[in-house]
Amino acid sequence: MTTADSAPGSDFIRKIIVEDLKTNKFGGRVHTRFPPEPNGYLHIGHAKSICLNFGIAEEFGGLCNLRFDDTNPTKEEEEYVESIQEDVHWLGFDWGDRLFYASDYFDQLYEWAVQLIKDGKAYVDSLSAEEIREYRGTLTEPGKNSPYRDRSVEENLDLFERMRAGEFEEGAHVLRAKIDMASPNLNMRDPVMYRILHATHHRTGDQWCIYPTYDWAHGQCDSIEGITHSICTLEFEDHRPLYDWFLDQLGIHHPQQIEFARLNLSYTVLSKRKLLELVEGGYVTGWDDPRMPTLSGLRRRGYPPQAIRNFCERIGVAKTNSIIDISLLEHCVREDLNQRAPRVMAVLRPLKVVIDNYPEDQVEELEAVNNPEDPDMGTRKVPFSRVLYVERDDFREDPPKKWFRLAPGREVRLKHAYYVTCVDVVKDEQTGEVLELHCTYDPETRGGWSEDGRKVRGTLHWVSASHALDAEVRLYDRLFLKANPDEVDEEGADFKANLNPNSLETLTGCKVEPSLADAVPGDRFQFLRLGYFCVDPDSTDGRLVFNRTVPLRDSWAKIEKTLKGR
RNA sequence: UCGGGGGUCGUCUAAUGGUAGGACAAGGGACUUUGGAUCCCUCGGUCGAGGUUCGAGUCCUCGCCCCCGAGCCA
């Protein structure tokens with residue numbers, strides 16, 4: 001077999017590592033890192049990177065560090081570093097005692113900067129930000145040297161020292177690498193290494209007022225930690241020559257940077273900027289809104305971490321820009337939950353059913369399997385009585401062709417219970433609305449089976465009216481209407497114009513079986529015939545709240561669609 | 001326009017120069033005490049033009065298309 005999902009380990013990055021191991025490039029070591037900037041919550045795109053970095057370390061008997069790339073105090077917050085750790089752990093990965101911060105290395109980075117200045121490879125520039133941009137040239141024209149480019153080593157050292165001491169305003173000076181203002185790679189046109197930022201850092205406080213840029217920090221941090229393979233996304237490809245340059249000038253351990261294509265998912269957005277906009281604009285209830293592609297949102301939605309890991313394994317790793325169909329993610333979720341989620345019965349839109357020939361005060365405890373996919377999950381008792389609720393959608397007064405559910409005169413099976421036949425329909429005289437159904441049951445079919453070989457095509461879920469628990473159920477749908485939310489018709493509109501107005505439907509007065517009384521937030525279930533649901537943290541003692549994780553495939557919807565199409 | 005990176009079924013992803021395979025999606029069927037799940041089948045692809053070769057997705061040449069890059073963001 002040569003499929004992506006049956007042969008994890010065949011992607012181009014793992015091939016490079018296998019080759020490096022063969023040639024003993026890093027002394028047989030494999031050491032990766034996941035380097036998030038703590039300026040937002042992790043989303044499923046990060047999960048791809050986490051699974052890649054931690055997964056590779058695991059597979060090759062190596063290590064993977066968690067390192068916060070906290071070089072910009074104006075955007076980073078402690079709240080994010082906490083959520084990021086929680087999310088990585090939730091996915092099932094562990095960094096042991098290797099939790100690091102770029103800020104751990106600020107002293108070393110400063111010393112190395114001084115070394116580059118002494119070597120004549122870095123200088124303090126006093127051009128304004130705007131001037132620096134002008135001097136940089138364009139994509140097609142070379143840049144020109146700053147008039148400050150040839151300051152003496154002594155002057156550079158003095159200025160840099162005073163930058164650190166806080167003598168200057170933000171923007172007055174920057175430290176730049178002295179490389180080549182004519183390079184066709186703009187990253188090599190004397191990139192900025194340090195900028196003055198009079199900001200309080202979430203970890204170093206006011207100890208520093210100059211902060212290293214990503215380019216100056218990243219490779220050196222990798223080097224300090226002994227990283228062998230520094231895996232990042234495609235947009236850093238152009239930075240690799242710079243990554244290599246710094247390491248070469250310093251003559252320190254030189255990891256290999258490898259770039260791969262970031263994850264894109266249909267019907268969703270995966271950019272921190274846009275996610276932040278959804279949160280701050282109140283389009284969702286927060287970072288953990290179950291409609292968000294954030295790990296905290298998916299967690300609240302009920303997505304199991306293993307499903308996300310399986311998904312990340314299946315999508316593969318390559319350099320091709322791609323958009324993964326969200327149905328693959330949903331498939332992975334169903335696949336996982338099908339094996340593990342206990343089945344229960346819940347009626348979302350209740351329709352009262354009276355079993356006319358069932359004894360008034362009788363209650364039977366019927367046995368129900370918890371998961372037909374896994375007998376070890378055992379059975380439970382479900383109460384059955386004279387008055388029940390069934391799903392409103394499961395009754396049609398004028399049943400169309402191929403309708404095997406309830407209708408006047410029709411016999412159906414109540415799951416785990418009895419065969420019942422609809423004998424009467426009570427309607428509101430004014431509105432015509434169906435108020436309740438009257439049925440008779442066949443006592444010989446207890447457990448849902450008939451000895452006489454009689455066939456019933458339809459099986460319905462139900463709850464006993466007097467035993468059922470009330471619940472609120474939140475039905476989630478895709479957050480966006482278009483596969484590509486950025487595709488907008490009107491001018492001036494943006495991705496928010498494609499928000500799905502029906503991405504959340506809240507149902508109250510739902511009825512669930514009494515065994516759910518002990519359910520706690522995070523518990524996942526399959527509501528028979530409906531889908532997978534989990535208990536939301538909004539639940540209180542007397543009031544259960546469920547989130548729909550993902551619906552079951554509804555094949556009736558398909559039949560109806562084709563019937564209508566004719 | 002300059003530099004970098006890409007282009008294989010609808011969507012992803014495989015294929016020492018040797019039968020283009022798998023997954024998801026779609027369509028059909030079997031089965032079923034969830035119209036669920038499961039199982040089976042079908043549909044469907046190498047960006048284009050030349051060249052090398054017994055043989056090219058793979059090698060060469062020339063095109064075409066897409067993505068990234070001009071933050072003191074990462």
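Sequence lines set the chain letters: A, B, ... in the order given, protein chains first and strands last, and positions in each chain run from 1. Given the structure is predicted, the values throughout are model-derived calculations rather than measurements.
The aromatic rings of A/His218 and A/Tyr214 lie tilted to each other, with the angle between the two planes from 30° to 60°.
A/Leu127 comes within 4.0 angstrom of a base, heavy atoms only. As judged by a 4.0 angstrom heavy-atom cut-off over every strand, A/Ser128 is placed among the base-contacting residues. Counting non-hydrogen atoms under 4.0 angstrom, A/Glu37 reaches the backbone sugars and phosphates but no base. Among the heavy atoms of the strands lying under 4.0 Å from A/Ala318 are primed sugar atoms or P, OP1, OP2 only; no base atom is included. Across all strands, A/Leu197 comes closer than 4.0 Å to no nucleic acid atom at all (heavy-atom distances).
Of the candidate nucleotides B/A74, B/C2, B/A14, B/A14 has the atom nearest to the side chain of A/Asp11. With distances taken from any side-chain atom of A/Ser322 to the nucleotides B/C12, B/C2, B/U34, the minimum falls on B/C12. Side-chain proximity of A/Asn338 to the nucleotides B/C72, B/A37, B/G35 is greatest for B/A37. The side chain of A/Ile315 has B/C12 as its nearest neighbour among B/A74, B/C12, B/C72. Checking B/G35, B/G3, B/G36 against every side-chain atom of A/Arg405, the shortest atom distance belongs to B/G35. Between B/U34, B/G69, B/C72, one nucleotide has an atom nearer to the side chain of A/Arg136 than all others, and that is B/C72.
Side-chain N/O atoms of A/Asp238 and base N/O atoms of B/G3 include a donor-acceptor pair closer than 3.5 Å.
For the pair A/Arg189 and B/C2, the criterion of a side-chain N or O lying under 4.0 Å from OP1 or OP2 is not met. For B/A25, one of the phosphate oxygens OP1 or OP2 lies less than 4.0 angstrom from a side-chain nitrogen or oxygen of A/Arg553. One finds a side-chain N or O of A/Arg133 lying less than 4.0 angstrom from the OP1 or OP2 phosphate oxygen of B/G71. In this structure, A/His416 does not reach the B/U33 phosphate: none of its side-chain N or O atoms is under 4.0 Å from OP1 or OP2. Between A/Lys319 and B/C12 there is no side-chain N or O to OP1 or OP2 distance below 4.0 Å.
A pairwise comparison of heavy atoms in A/Ser464 and A/Leu388 identifies CA-CD2, 3.9 Å as the closest pair.
Across every strand in view, B/A30 sits in a pair with B/U38 that passes the Watson-Crick or G-U test at under 3.5 angstrom. Of the nucleotides present, B/C2 is the one that pairs with B/G69 by Watson-Crick or G-U wobble criteria, both distances under 3.5 Å. Both distances falling under 3.5 Å, in either a Watson-Crick or a G-U wobble arrangement, place B/A49 opposite B/U61.
Regarding A/Asn187, its CG atom lies at a distance of 14 Å from the P atom of B/C73, rounded to whole Å.
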For this session: Verify side chain to side chain donor-acceptor pair (under 3.5 Å) between A/Glu37 and A/Asn39, making sure each step is shown before the conclusion.
Result: CA-CA 6 Å; A/Glu37 182 189 11; A/Asn39 69 341; 2.9 Å; yes
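For the pair A/Lys319 and A/Phe260, the cation does not sit on the ring face, since its NZ or CZ is not both under 6.0 Å from the ring centre and inside 45° of the axis.
Between the side chains of A/Tyr105 and A/Glu225, at least one donor-acceptor pair of N or O atoms lies under 3.5 Å.
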